[in-house]
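Here the structure is a predicted model, which means the values were calculated and not measured.
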Amino acid sequence: MINSMTAFGRAVGTSGGKRYTVEIKSVNGRFLDVSVKYPRQYGFVEPLIKAHISEHGILRGKVDVYLGVDVFEAKGVTVALDGELSESYIKALCELRDKFGLKDDISVMSVASYRDIFVTSAAEEDMNAEWDAIKSVLDEALKSYTEMSAAEGERLADDMKVKLSSIRDDTAKIKETSEENIKGYPERLTERIKSLLDSADVEISEQRILTEAAIFADKASIDEELVRLDSHISAFFDILNGEDAVGRKLDFLVQEMNREINTIGSKSQNTDIAHLVVDVKCTIEKLREQIQNLA
């Protein structure tokens, strides 16, 4: 299954007098890198969320997870003041007031608006129930996220199939042009020799011309490269239609396709083939860019 590394998912759920909001967004990344933002007192969920993300089949990408918690009914919860952080925060406010001559409106309510100075804690035995509630919302967000990832991945796959078909059409033209070029070489070689030796009383045997043509055909042959390139294209299609993660496999195939078309370009002296090679290389580069979005 083709999945894009660029996706977003969001879910909201209520449990035990609290509303949980989970948002998941991701961008391209070579490896899986999960970052979690959460309220201070919920630090215990970070490793749990990261493990749950990995278990869900997300293998690559820079994934950012946001957990928000709104408390409506604080059962079994105690709130304490973080004295050291509070002192530092008030000191910074006073310094700001004095340095810029601001109005002195520092009050309990203005300081209390900085919520991090309060430490909220729940009984140890409540953490499992809390995680169960969060995981339920996380699963809903993951469902939304994976649906978007799959939809974007399918769109990318369809577009890449069009590009692969374009490459296959161009390589068929390259093959046809190459065969015509090699086939007509003896006649062109004969005409060239005759024009060069027109004023000289020199004869070149037909066998010699045929030998030179055979040598040229062998050097200019791109059959092997075309066969390997077509094999890579077929493998590309197979992977796009498969069920496994595809990003790294396709990245390797694109490198091999680029290698073959470069060899074809270096062997061919025909202008038409050179133009087709440039077109194929441009299409391969577009494929490479799209693969960077795949998981």
Nearest-0.5 Å distance that lies between atom [atom1] in [X] and atom [atom2] in [Y]:
X: Met160; Y: Leu250; atom1: CE; atom2: CG; value: 6.0 Å
X: Arg168; Y: Phe236; atom1: CZ; atom2: CZ; value: 12.0 Å
X: Ile284; Y: Asn258; atom1: CD1; atom2: CG; value: 5.0 Å
X: Ile117; Y: Leu81; atom1: CD1; atom2: CG; value: 5.5 Å
X: Leu32; Y: Ser26; atom1: CG; atom2: OG; value: 9.5 Å
X: Glu46; Y: Lys37; atom1: CD; atom2: NZ; value: 12.5 Å

Whichever hydrophobic residues join Phe31 through chains of side-chain contacts under 4.5 Å
none
Any non-hydrogen side-chain atom of Leu156 less than 4.5 Å from a side-chain atom of Asp159?
no
Counting neighbours of [atom1] on [X] that are heavy atoms of other residues, nucleotides or ligands and sit closer than 6.0 Å, is the number greater than 12?
X: Glu285; atom1: CD; answer: yes
X: Glu87; atom1: CD; answer: no
X: Lys143; atom1: NZ; answer: no
X: Lys62; atom1: NZ; answer: yes
X: Lys173; atom1: NZ; answer: no
X: Phe44; atom1: CZ; answer: yes
X: Glu289; atom1: CD; answer: yes

May I ask you to decide if Arg259's main-chain N or O and Thr263's side chain share a donor-acceptor pair within less than 3.5 Å?
yes
When you look at Leu67 and Leu138, which way does the side-chain contact (heavy atoms from CB on, under 4.5 Å) test go after all the steps?
CA-CA 9 Å; Leu67 169 65; Leu138 176 61; over 6 Å; no
Which heavy atom of Tyr145 sits nearest a heavy atom of Met5, and at what distance?
OH-O, 4.2 Å
Nearest heavy-atom neighbours spanning Ile167 and Val280
CG2-CG1, 3.9 Å
Do His52 and Asp139 pass the side chain to side chain donor-acceptor pair (under 3.5 Å) test, and can you show the C-alpha distance, the side-chain angles, and the key distance before you say yes or no?
CA-CA 9 Å; His52 200 64; Asp139 284 338; 2.6 Å; yes
Could you walk me through whether Glu140 and Tyr20 pass side chain to side chain donor-acceptor pair (under 3.5 Å), step by step?
CA-CA 11 Å; Glu140 285 297 314; Tyr20 302 98; over 6 Å; no
